[in-house]
J.: 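Could you have a look at this structure, given as structure tokens, before my questions?
What you see is a predicted model; the values in this text were computed from it and never measured. Just so it is clear, the values below take in all heavy atoms, side chains as well, and ignore hydrogens, waters and symmetry mates. FYI, the numbering just counts along the sequence from 1. Order of listing sets the numbers, starting from 1, for every ligand and every atom in it.
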Amino acid sequence: MTEKIPRTEARLTDSSDFNVLFIGAGNIMFGSPEGPWNHSFRLEHKLGPRLKVVGLVDPNTERARETLAKKCDSFVVSAYKDTRVCKNLDEFLQVMTPKERPHAAIVGSPPMFRGTVQQGRDIEAQLMKHFPGLPLFVEKPVTTGPLEEVKETYEIAKRISDSHTICSVGYMLRYLKAVQMMKKILLDNNLTVMSTIARYACAYEAIAKPEWWDKSKSAGPVIEQGTHFCDLSRYFGGEVDVSTVAAHSLEWDENAGKLSKQTIDESQIPPGNRIPRVTSATWKYESGAVGSFVHLVALQGHSYSCELEVYADGYQLKLVDPYVAPVLYVRQPGEDTETRMTFADDDPFFSEISHFIDTIENVQDEDNQPQILSSFDDAARTYELTWAIRHAAERSRAETLARQNAKKD
Ligand SMILES: NC(=O)c1ccc[n+]([C@@H]2O[C@H](COP(=O)([O-])OP(=O)(O)OC[C@H]3O[C@@H](n4cnc5c(N)ncnc54)[C@H](O)[C@@H]3O)[C@@H](O)[C@H]2O)c1
């Protein structure tokens, strides 16, 4: 996929170095053929020659070195030529000079290594301890682990907010122009959301990471992937009463759940860890509105099919294909047909990084809007919702099996 960047926002006139510490040297940081994500690329365009990546922390130092070598072989060499590769944060703390003190950290390690207060899984707490006030950009989901640990994630959220740490979480779809247009229509017309209906159908043939198919490693497709649409649903519907979440799943061992084009060998994954093919959930928002979400592991090829509908009195706002070519269909009072809106050259990954840097540097945007659209606390609530969906689906599956077994006896 070609990445189009609105270059006008780069502050190339300011020549002071902007030191960035990267945690994780994987796909989200440096890109992959799987999608348009690539934080290093957006930072290069946002900061231009000011960008200095002072450290790259990853236990896989070989991967980190290989990645850096490619960067150093390109025109962005000035950002990476002095980058220190460290296997953990402690090592970076030992070798860092005062001039290399970071101005921001981008955290893109796997979620099981962050978002808690436990040693080795507490990178935000460690960064806050060693670099008080350091702005943090953290990838989604904010953590993964047993649901009981979610209180630790809220503890991290509290520490971030109590210390006034600037923190942005990577729910980039919130920054889409189409999404902001939906927000504007709701606000301008003083509307109350009645319902959100979200569908996220991934193209499973293109998903070749065995861990993704293993619930014990990825936490499952709703927590790992559907989280983007659960988050967008919350962005429009508000807080969810998680006690109301009900869900059903279609599992791998049911006839309708058989897949013919998996590129991984699922027989290597213990049966109890295999992921559902369909998860369908509904819930009540605290406002009284009703939310609904379906995640499907059903499509082949490469393109995902994702849609979000938001309903309010007289209005239907339908967002289609937010990942690749967002289109917004709006039906409003007085019309039985939809108006189609497109948004050319919109790059939400650039916008989220741009807003993060502008918040740090206190640059106001034209409309003086809040610049960070996903806080750690907010993202922790999305995480809790996705767990509630997984639990509700597993509960309902267990009940169905128990009923079937009782009939047999
Ligand atoms: N917003 C998006 O659209 C989007 C897209 C892709 C990935 N992500 C998120 O980014 C995160 C990383 O995903 P990825 O695709 O880059 O994974 P990846 O497997 O490609 O890379 C992860 C890297 O982190 C390293 N790592 C492991 N433990 C670490 C630790 N304790 N400290 C530092 N580094 C460590 C690994 O060695 C690996 O190099 C996930 O949370 C994922 O959900 C978000």
J.: Would you say the side-chain atoms of Arg50 pair up with the backbone N or O of Ser16, donor to acceptor, closer than 3.5 Å?
T.: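 Yes.
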
J.: More than 12 heavy atoms of other residues, nucleotides or ligands under 6.0 Å from CG of Asp265: yes or no?
T.: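 Yes, enclosed.
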
J.: Look at atom NZ of Lys99 and say whether more than 12 heavy atoms of other residues, nucleotides or ligands are closer to it than 6.0 Å.
T.: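 Open: at most 12 neighbouring heavy atoms sit under 6.0 Å from NZ of Lys99.
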
J.: For ligand 1, which atoms sit closer than 4.0 Å to a heavy atom of Glu224?
T.: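 Counting atoms of ligand 1 from 1, those under 4.0 Å from Glu224 are 43 (O).
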
J.: So is Arg114 close enough to ligand 1, meaning a heavy atom under 4.0 angstrom away?
T.: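 It does, in that a heavy atom of Arg114 comes within the 4.0 Å cut-off of ligand 1.
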
J.: Is it true that the side chains of Ser249 and Arg397 contain a donor and an acceptor less than 3.5 Å apart?
T.: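 There is no such pair (donor and acceptor under 3.5 Å, judged by atom type) between the side chains of Ser249 and Arg397.
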
J.: With a cut-off of 4.0 Å, which atoms of ligand 1 are near a heavy atom of Met172?
T.: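 Here the atoms of ligand 1 in question are 1 (N), 3 (O).
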
J.: Report the nearest protein non-hydrogen atom to atom 34 (N) of ligand 1: residue, atom name, distance rounded to 0.1 Å.
T.: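 Protein heavy atom at minimum distance: Pro59 CD, 3.5 Å.
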
J.: Of all the atoms in ligand 1, which lie at a distance below 4.0 Å from a heavy atom belonging to Asn60?
T.: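 In order of numbering, the contacting atoms are 37 (O).
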
J.: Counting only heavy atoms not in Asp313 (residues, nucleotides, ligands), do more than 12 fall under 6.0 Å from its CG?
T.: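 12 or below, so no.
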
J.: Between Pro348, Gly26, Ser109, flag the one that comes closest to atom 11 (C) of ligand 1 by a heavy atom.
T.: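 It is Ser109 whose heavy atom sits nearest to atom 11 (C) of ligand 1.
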
J.: Which of the numbered atoms in ligand 1 are below 4.0 angstrom from a heavy atom of Val57?
T.: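 Result: 33 (C), 34 (N).
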
J.: Judged on heavy-atom distance to atom 42 (C) of ligand 1, which of Lys209, Lys140, Glu139, Glu352 sits nearest?
T.: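 Among Lys209, Lys140, Glu139, Glu352, the closest heavy atom to atom 42 (C) of ligand 1 comes from Lys140.
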
J.: Which ligand 1 atoms, with their elements, are less than 4.0 angstrom from a heavy-atom of Pro111?
T.: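 Selected atoms, number and element: 40 (C), 41 (O).
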
J.: I want to confirm something. Looking only at heavy atoms, which of Gly24, Pro110, Gly120 is nearest to atom 26 (N) of ligand 1?
T.: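 Ranked by closest heavy atom to atom 26 (N) of ligand 1, first place is Pro110.
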
J.: To the nearest 0.1 Å, how far is atom 25 (C) of ligand 1 from its closest protein heavy atom, and which atom is that?
T.: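 Checking every protein heavy atom, the shortest distance to atom 25 (C) of ligand 1 gives Asp58 OD2, 3.0 Å.
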
J.: Which class fits the ring pair Tyr285 and Trp283: parallel under 30°, tilted 30 to 60°, perpendicular over 60°?
T.: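 Perpendicular: the ring planes of Tyr285 and Trp283 meet at over 60°.
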
J.: If the plane angle is over 60° it's perpendicular, under 30° parallel, otherwise tilted; pick one for Phe131 and Phe92.
T.: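 Because their plane-to-plane angle lies in the 30° to 60° range, the rings of Phe131 and Phe92 count as tilted.
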
J.: Under 3.5 Å between any N/O of Trp37 and any N/O of ligand 1: does that happen in this structure?
T.: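 Such a contact does not occur with ligand 1.
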
J.: List ligand 1 atoms under 4.0 Å from Ile23, heavy atoms only on the residue side.
T.: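 Every atom of ligand 1 under 4.0 Å from some heavy atom of Ile23: 33 (C).
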
J.: Strictly under 4.0 Å, does any heavy atom of Tyr171 approach an atom of ligand 1?
T.: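 Outside the 4.0 Å threshold, so no.
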
J.: Strictly distance-based, threshold 3.5 Å: is any side-chain N or O of Lys217 a donor or acceptor partner for the main-chain N or O of Pro210?
T.: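 Not at all, since once roles are kept as given, no pair shorter than 3.5 Å links the two residues.
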
J.: Any donor-acceptor pair under 3.5 Å linking the side-chain atoms of Thr61 with those of Lys87?
T.: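 No donor-acceptor contact under 3.5 Å links the two side chains.
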
J.: Numbering the atoms of ligand 1 from 1, which are under 4.0 Å from a heavy atom of Gly170?
T.: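 Matching atoms, with element in brackets: 1 (N).
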
J.: Does Gln225 come within less than 4.0 Å of ligand 1, judged by its heavy atoms?
T.: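 For ligand 1, residue contact (heavy atoms, under 4.0 Å) with Gln225 is absent.
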
J.: Should the ring pair Trp213 and Tyr204 be called parallel, tilted or perpendicular, given that the plane angle runs from 0 to 90° and is split at 30 and 60?
T.: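 Aromatic pair Trp213/Tyr204 classed perpendicular.
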
J.: Using a 4.0 Å cutoff against the non-hydrogen atoms of Gly108, which atoms of ligand 1 qualify?
T.: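 Atoms satisfying the 4.0 Å criterion: 11 (C), 12 (C).
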
J.: For atom 20 (O) of ligand 1, grab the closest protein heavy atom and report residue, atom and distance to one decimal in Å.
T.: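 Sorting protein heavy atoms by distance from atom 20 (O) of ligand 1 puts Asn27 N, 3.0 Å first.
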
J.: For atom 16 (O) of ligand 1, which of the options Ile28, Asn38, Thr227 provides the nearest non-hydrogen atom?
T.: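 Minimum heavy-atom distance to atom 16 (O) of ligand 1 goes to Ile28.
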
J.: Measuring from the heavy atoms of His228, does anything fall under 4.0 Å of ligand 1?
T.: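 Judged by the 4.0 Å heavy-atom criterion, His228 does count as contacting ligand 1.
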
J.: For Arg174, is there any backbone N or O sitting under 3.5 Å from a side-chain donor or acceptor partner on Gln180?
T.: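 Looks like yes, one N/O pair under 3.5 Å.
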
J.: Think Lys318 forms a cation-pi with Tyr329, using NZ or CZ under 6.0 Å from the six-ring centre and within 45 degrees of its axis?
T.: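 Flagged: Lys318 positioned over aromatic ring of Tyr329.
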
